[in-house]
Q: 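Got a structure for you, written out below as structure tokens; questions coming shortly.
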Amino acid sequence: SIGAITGTLASGTIENCYAEGNITGAGGTFAGIAATTSGTASIKGCYFKGNISTSSNVLTTGKNIGGISGWTNGVVISDCYSISNIVSMDAPGGIVGCLGGTATVPNNITNCYSVSTASGVAAGATFIGAFVGKNNQRGSDHIIKDCFYNSEIAGTTTAIGGHNNTFAGAIDDVIFGKSSTEMKLQSTYENNGTTATTWDFVNTWSIDVAKNDGYPTLRNINSVILSVNSIKNFEISIYPNPAKSIVNYTSVTQIETISICDLSGRILMVENTKEKEGSINITNLSSGVYILIIKDANGFSKQLKMQKM
């Protein structure tokens, strides 16, 4: 079992996580987040972007591949999405490859969408779904509600690829196939024909034509990505170093304060700059080594050593 976050999730929760890239293997179950999920496991507020494929040429291996999970057994998946290309010997699905097991608690999938292409490459592949590859649930019903897939690129017009009639339980699913244009409209998710929508575009989801090709994004992950990018973009240089009287600084983000400390941590000077570049007069400092603590407008800080000649 190969998953970008984990191979097997038997309990606990994966929340506010994402993966982007390519996953491939010869045989087994693959997925963008967790390959096999069971027990009390749940996946919430996650996404995968990329390619997932098998190099197997045997129908019974390299199957049950999903954008979020490959195989589920009585788990909860909510507020997740997959934008991917999935190639499986059998049972590929945009979100889940196979709903299976002998769960006493139903698989429960809500508020998820897929913009994925699913294809089964084996001769005799019978279960190919835009959202779920195969329903093999037994012992209890599964529930899929307020979910969507892009019907223009899915590679199939069937939301759930098929049902293993020997085992399949009853189904309670509400999965909508929509065009690319419709998938990029907030109104699509808020007016989906059900009695009460549960898509939260205040706290959980957002839509911005400049992000994610216009498809919905997750607010919690967006804030994390923004913070990481801010840290990466917080680059500052000082010169000359060593310096006699003036130290110049330049940064890609606005600098709020620059504190000059001695090696014991005692603050000797504080400059309130509010600029991306400027200079500091250090004439009154004694010769020696100092620490500059620099804080930018995003709230991040960086420490640099400076030598006064």
Q: Go through Ser69 and Ile77 one step at a time and tell me if the side-chain contact (heavy atoms from CB on, under 4.5 Å) criterion holds.
A: CA-CA 9 Å; Ser69 181; Ile77 300 175; 4.3 Å; yes
Q: Using only heavy-atom distances, determine whether the side chains of Ser11 and Thr40 contain a donor-acceptor pair under 3.5 Å.
A: no
Q: Do the side chains of Ile14 and Val76 join up, straight or via other hydrophobic residues, at under 4.5 Å, putting them in one cluster?
A: no
Q: Could you check if a side-chain atom of Cys80 sits within less than 4.5 angstrom of a side-chain atom of Ile43, using non-hydrogen atoms only?
A: yes
Q: Can Ser82 and Ser116 be counted as having a side-chain donor-acceptor contact under 3.5 angstrom?
A: yes
Q: Are Leu304 and Met306 connected into the same hydrophobic cluster when the rule is that any two of I, L, V, M, F, W, Y join if their side-chain heavy atoms are below 4.5 Å apart?
A: yes
Q: Heavy-atom count check: over 12 atoms from other residues, nucleotides or ligands less than 6.0 Å from Lys184 NZ?
A: yes
Q: Is a side-chain N or O of Ser251 found less than 3.5 angstrom from the main chain of Thr253, in a donor-acceptor match?
A: yes
Q: Taking atom CD as the centre, does Glu152 end up with more than 12 heavy-atom neighbours from other residues, nucleotides or ligands that are less than 6.0 angstrom away?
A: yes
Q: For a quick test of reading the model, state the closest non-hydrogen atom pair linking Ala118 to Gly129 and the distance between them.
A: CB-O, 3.6 Å
Q: Mind listing the closest non-hydrogen atom pair of Gly12 and Leu9 along with its distance?
A: O-CD2, 4.3 Å
Q: Under 4.5 Å between any side-chain heavy atoms of Val174 and Cys147, yes or no?
A: no
Q: Measuring from atom OG1 of Thr188 to atom CH2 of Trp199, what distance do you get when rounded to the nearest 0.5 angstrom?
A: 10.0 Å
Q: Checking Thr6 side chain against Thr8 main chain: does a donor-acceptor pair fall under 3.5 Å?
A: yes
Q: Quick check: is Phe201 connected to Ile221 through a chain of hydrophobic side chains (ILVMFWY, heavy atoms under 4.5 Å apart)?
A: yes
Q: Check Lys302 with Asp296, please: is the shortest side-chain N to carboxylate O separation under 4.0 Å?
A: no
Q: If I compare all heavy atoms of Leu185 with all of Ile207, which pair ends up nearest, and what's the gap?
A: C-CD1, 3.7 Å
Q: For the CG atom of Asn107 and the CG atom of Asn73, what is their distance to the nearest 0.5 Å?
A: 6.5 Å
Q: Would you mind reporting whether Thr24 and Ile52 have side-chain heavy atoms less than 4.5 Å apart?
A: no
Q: Among side-chain atoms of Thr110 and Ser78, is any donor-acceptor pair under 3.5 angstrom?
A: no
Q: What's the spacing between Leu292 CG and Gln303 CD if we round to 0.5 Å?
A: 9.5 Å
Q: Is the backbone N or O of Ile282 less than 3.5 Å from a side-chain atom of Lys308, with the two atoms forming a donor-acceptor pair by type?
A: yes
Q: Evaluate the side-chain proximity of Ile175 to Lys145: yes if any heavy-atom separation is below 4.5 Å, no if none is.
A: no
Q: How far apart are the closest heavy atoms of Thr273 and Thr257, and which atoms are they?
A: OG1-N, 4.3 Å
Q: Looking at CD1 of Ile95 and OG1 of Thr72, how far apart are the two atoms once the value is rounded to the nearest 0.5 Å?
A: 11.5 Å
Q: Could you check whether any side-chain heavy atom of Leu218 comes within less than 4.5 Å of a side-chain heavy atom of Tyr18, counting everything from C-beta outward?
A: no
Q: Given the side-chain rings of Tyr47 and Tyr81, with only the six-membered ring counted for Trp, is the space between their centroids under 6.0 Å?
A: yes
Q: Quick one: are Ile280 and Glu271 in side-chain contact, heavy atoms under 4.5 Å?
A: yes
Q: For Met183 and Val115, what are the C-alpha separation, side-chain angles and deciding distance, and is it a side-chain contact (heavy atoms from CB on, under 4.5 Å)?
A: CA-CA 9 Å; Met183 293 282 289; Val115 182; 3.9 Å; yes
Q: Step by step, work out the side-chain contact (heavy atoms from CB on, under 4.5 Å) result for Glu256 and Lys274.
A: CA-CA 5 Å; Glu256 293 292 294; Lys274 309 293 184 181; 2.6 Å; yes
Q: Please confirm whether the backbone N or O of Cys261 pairs with a side-chain atom of Arg266, one donor and one acceptor, at under 3.5 Å?
A: no
Q: Under the side chain to side chain donor-acceptor pair (under 3.5 Å) criterion, do Thr29 and Asn64 qualify, and how do the steps go?
A: CA-CA 6 Å; Thr29 298; Asn64 303 335; 4.5 Å; no
Q: Tell me whether Ile291 shares a hydrophobic cluster with Met269, the cluster being built from Ile, Leu, Val, Met, Phe, Trp, Tyr side chains joined at under 4.5 Å.
A: no
Q: Has Asp213 got a side-chain atom pairing as donor or acceptor with Tyr215's backbone, closer than 3.5 angstrom?
A: no
Q: According to a 4.5 Å side-chain heavy-atom criterion applied to Ile, Leu, Val, Met, Phe, Trp and Tyr, with indirect links allowed, do Leu263 and Ile293 form part of one hydrophobic cluster?
A: yes
Q: Which pair of non-hydrogen atoms, one from Ser259 and one from Ile267, has the smallest distance, and what is that distance?
A: CB-CG2, 4.5 Å
Q: So, Lys49 and Asn212: side-chain donor and acceptor under 3.5 Å apart, yes or no?
A: yes
Q: Do we see a donor-acceptor contact under 3.5 Å between the side chains of Ser53 and Asn51?
A: no
Q: For Phe148, run the ring pair (Phe, Tyr, Trp, His ring centres under 6.0 Å) check against Tyr113, Phe131, Trp205, Tyr189 and tell me which one passes.
A: Tyr189
Q: If you define the side chain from C-beta out and look only at heavy atoms, does anything of Ile258 sit under 4.5 Å from Val270?
A: no
Q: Test Thr217 against Asp208 for side-chain contact (heavy atoms from CB on, under 4.5 Å), laying out the working first.
A: CA-CA 8 Å; Thr217 57; Asp208 185 335; 6.0 Å; no
Q: Name all residues meeting the side chain to side chain donor-acceptor pair (under 3.5 Å) criterion together with Glu15; count only those two or more places apart in sequence or in a different chain, and write none if there are none.
A: none
Q: Take atom CG in Leu268; do more than 12 heavy atoms of anything else shown fall under 6.0 Å from it?
A: yes
Q: Drop me the distance from Ile260's CD1 to Ile294's CD1, to the nearest 0.5 angstrom.
A: 9.5 Å
Q: Identify the two heavy atoms, one from Tyr149 and one from Ala154, that lie closest to each other, and give their separation to 0.1 Å.
A: CD1-CB, 4.2 Å
Q: Could you tell me whether the side chain of Asp200 reaches within less than 4.5 Å of the side chain of Asn111, counting heavy atoms only?
A: no
Q: Under 3.5 Å, is there a donor-acceptor pair between the Ser179 and Glu182 side chains?
A: yes
Q: Quick check for you: to the nearest 0.5 Å, what is the distance between Met309 atom CE and Asn241 atom CG?
A: 10.5 Å
